[in-house]
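To start, I am sharing the structure in question, which I have written as structure tokens.
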Amino acid sequence: LALSSTSHPREPTMAAADSTSLEGALLGMGNPLLDISAEVGQDILDKYDVKMNNAILAEEKHVPLYDELTSNYSVDYIAGGATQNSIRVAQWMLGADGEGATAYIGCIGKDAFGEQLKAAAAKDGLATYYMEDESAPTGTCAVLIKDKERSLVANLSAANNYKIDHLNTEALQAVVQSSKVVYAAGFFLTVSPASMIAAGKHCAETGGYFTTNLSAPFLCSVFKEQMHSVLPYADIVFGNESEAAAFAEANEFAGASVAEVALKISALPKASGAHGRVVVITQGSESTIVAKDGKVTEYAVTPIAEASIVDTNGAGDAFVGGFLAYFLKGAPLATAVDAGHWAAGQVIQQSGCVFP
């Protein structure tokens, strides 16, 4: 069932799932952002005190960055936000099988950027249930690219104003009820952990799967309490090696190996015994670590030629999307990981989290 770099995992290696059973099956909740992506020099990184391969929330000192990018650089506008990226990739990977399989919840402003996000999501086949906030503009994320690496500076704006009241409306409860897998990246911990817990409880009660992501080193420490309030509901936890190291440091086992961190997260208390927790830690082009039932398995990544790599921004989001698409189809864990690797390998050959 391995997927080589030449095969197309959207031609499933297992019997195609009945498309009716996938209707609304994957629900994402997170911070919808319009990515403003540009190739920059070290001068900009130094000016705004930004480190590569990191993700941060914008502070006062970062406010001028967005205008500077749009005024002085050639920028791409791409529908973004980590969770929305993953759900878009999952819809793409599901192909014709999965029409109508994905839905997404978050908060945008009533403005041109919000309309741009709606159009981009619709084009990718997502059903969006945006809360619209008249008091704040749609969130943006500066994606600074240098030497094929990226740094993210998110100005959440309206995305920061999502309220659980929206989730509790009759229309949204119907969306939640029809889902089999819910994915909320860790970035949503800064906005509405209550919504994540509500979705987690729904999954625990119905035998569904609640999935999340460590998402950024700062979340493991600054939002540690919120993270630990949500983790008991998490059936699958994603992350990368730097986030795993940050989690270890924040939880008093600094210096632990990636495999040890994955095992520790997988063994944390769970709200429901329906599913054992699976922890999936990617390490770029190094093997992906999966912890389940007290065991660790490593899955090798098929390397992409250096010359073909355009932009690693979105690789982690794409991995999650590929993994969840195949997990939703009932694929074995190894195939879901392989599909994640394949999706990430495709996306890093594009500019931004877009598909070939």
Side-chain angles (χ1 to χ4, degrees), residues 1 3 8-30 32 79-106 117-130 167 171-185 188 195-196 199-200 202-203 206-213 235-236 238 275 278 280 314 316-333 335-344 346-347 353-356:
L1 286 171
L3 308 167
H8 204 308
R10 290 195 295 158
E11 294 162 6
T13 46
M14 64 222 67
D18 174 9
S19 59
T20 56
S21 69
L22 288 181
E23 186 76 33
L26 177 59
L27 171 62
M29 51 200 329
T83 299
Q84 190 162 240
N85 283 344
S86 294
I87 303 300
R88 286 171 50 239
V89 171
Q91 184 63 61
W92 172 65
M93 291 286 285
L94 287 165
D97 272 359
E99 199 174 327
T102 60
Y104 177 79
I105 296 169
L117 270 187
K118 279 188 203 171
K123 181 168 164 283
D124 289 331
L126 267 66
T128 52
Y129 299 89
Y130 293 129
L167 190 67
L172 268 294
Q173 281 302 301
V175 174
V176 172
Q177 292 302 325
S178 71
S179 66
K180 295 182 174 69
V181 176
V182 177
Y183 175 64
F188 207 44
S195 297
M196 296 172 79
H202 159 75
C203 291
T206 59
Y209 290 84
F210 180 73
T211 64
T212 188
N213 201 312
D235 298 299
I236 305 175
F238 298 96
H275 316 293
V278 177
V280 184
D317 299 340
F319 174 87
V320 171
F323 181 103
L324 289 178
Y326 269 58
F327 181 78
L328 203 56
K329 286 173 179 279
L333 202 52
T335 307
V337 171
D338 234 347
H341 289 163
W342 191 90
Q346 297 302 303
V347 164
C353 192
V354 295
F355 328 125

* Asked: Listed by chain and number, what are the side-chain contact (heavy atoms from CB on, under 4.5 Å) partners of Ser86, not counting sequence neighbours?
  ->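 So Ser86 forms a side-chain contact (heavy atoms from CB on, under 4.5 Å) with Tyr183, Asp317, Val320.
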
* Please report the closest heavy-atom contact between Val182 and Cys203, naming both atoms and the distance. =>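 Val182 and Cys203 have their closest heavy atoms at CG2-SG, 3.8 Å.
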
* Asked: Is any side-chain heavy atom of Phe319 closer than 4.5 Å to a side-chain heavy atom of His341?
  ->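 Yes, side chains in contact.
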
* Please report the closest heavy-atom contact between Leu94 and Ala325, naming both atoms and the distance. =>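 Taking every non-hydrogen atom into account, CD2-O, 3.6 Å.
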
* When rounded to the nearest 0.5 angstrom, what is the spacing between CD1 in Ile236 and CG in Leu333? ->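 If I round to the nearest 0.5 Å, the distance is 7.5 Å.
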
* Can you list the residues that meet the side-chain contact (heavy atoms from CB on, under 4.5 Å) rule with Asp124, with sequence neighbours excluded? ->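 side-chain contact (heavy atoms from CB on, under 4.5 Å) list for Asp124, sorted by chain: Arg88, Leu126, Phe355.
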
* To do: Mind listing the closest non-hydrogen atom pair of Ala184 and Thr212 along with its distance?
  =>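 Minimum heavy-atom separation between Ala184 and Thr212: O-OG1, 2.7 Å.
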
* Listed partners of Thr102 passing side-chain hydrogen bond (donor to acceptor under 3.5 Å, both in side chains), at least two apart ->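 Partners of Thr102 by the side-chain hydrogen bond (donor to acceptor under 3.5 Å, both in side chains) criterion, ordered by chain and then number, come out as Gln91.
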
* Could I get the full list of side-chain contact (heavy atoms from CB on, under 4.5 Å) partners for Val175, not counting sequence neighbours? =>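 In terms of side-chain contact (heavy atoms from CB on, under 4.5 Å), with neighbours along the sequence ignored, Val175 is linked to Leu27, Ala103, Tyr129.
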
* To do: Might you point out which heavy atoms bring Leu167 and Ile105 nearest each other, and give the distance in Å?
  =>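 So the minimum-distance heavy-atom pair works out to CD1-CD1, 3.8 Å.
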
* Asked: What are the two closest non-hydrogen atoms of Ala344 and Ala318, and how far apart are they?
  ->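 The pair with the smallest heavy-atom distance is CA-CB, 3.8 Å.
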
* Do the side chains of Leu117 and Gln84 get nearer than 4.5 Å, heavy atoms only? ->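 Yes - at least one pair of side-chain heavy atoms lies under 4.5 Å apart.
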
* Looking at residues at least two apart in the chain, or sitting in another chain, which of them share a ring pair (Phe, Tyr, Trp, His ring centres under 6.0 Å) with Tyr209? ->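 In terms of ring pair (Phe, Tyr, Trp, His ring centres under 6.0 Å), with neighbours along the sequence ignored, Tyr209 is linked to His275, Phe327.
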
* Where is the tightest heavy-atom contact between Leu22 and Gly98, given as atom of each residue plus distance? ->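 Smallest heavy-atom distance, with atoms named: CD1-CA, 4.3 Å.
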
* Counterpart residues, side-chain hydrogen bond (donor to acceptor under 3.5 Å, both in side chains), relative to Ser195 (two or more places apart) ->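 Ser195 satisfies side-chain hydrogen bond (donor to acceptor under 3.5 Å, both in side chains) with Ser192 only.
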
* Asked: Tell me, do His202 and Phe210 make a side-chain contact under 4.5 Å, heavy atoms counted?
  ->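 The answer is no; the side chains never approach within 4.5 Å.
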
* Just wondering, do Thr211 and Phe323 contact through their side chains at under 4.5 Å, heavy atoms? ->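 No, their side chains stay 4.5 Å or more apart.
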
* To do: Hey, can you tell me if Trp92 and Trp342 have their rings parallel, tilted or perpendicular (30° and 60° cut-offs)?
  =>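 Aromatic pair Trp92/Trp342 classed parallel.
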
* Point-to-point distance, once rounded to the nearest 0.5 Å, from CD of Gln346 to SG of Cys353 ->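 Output value for this atom pair is 12.0 Å.
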
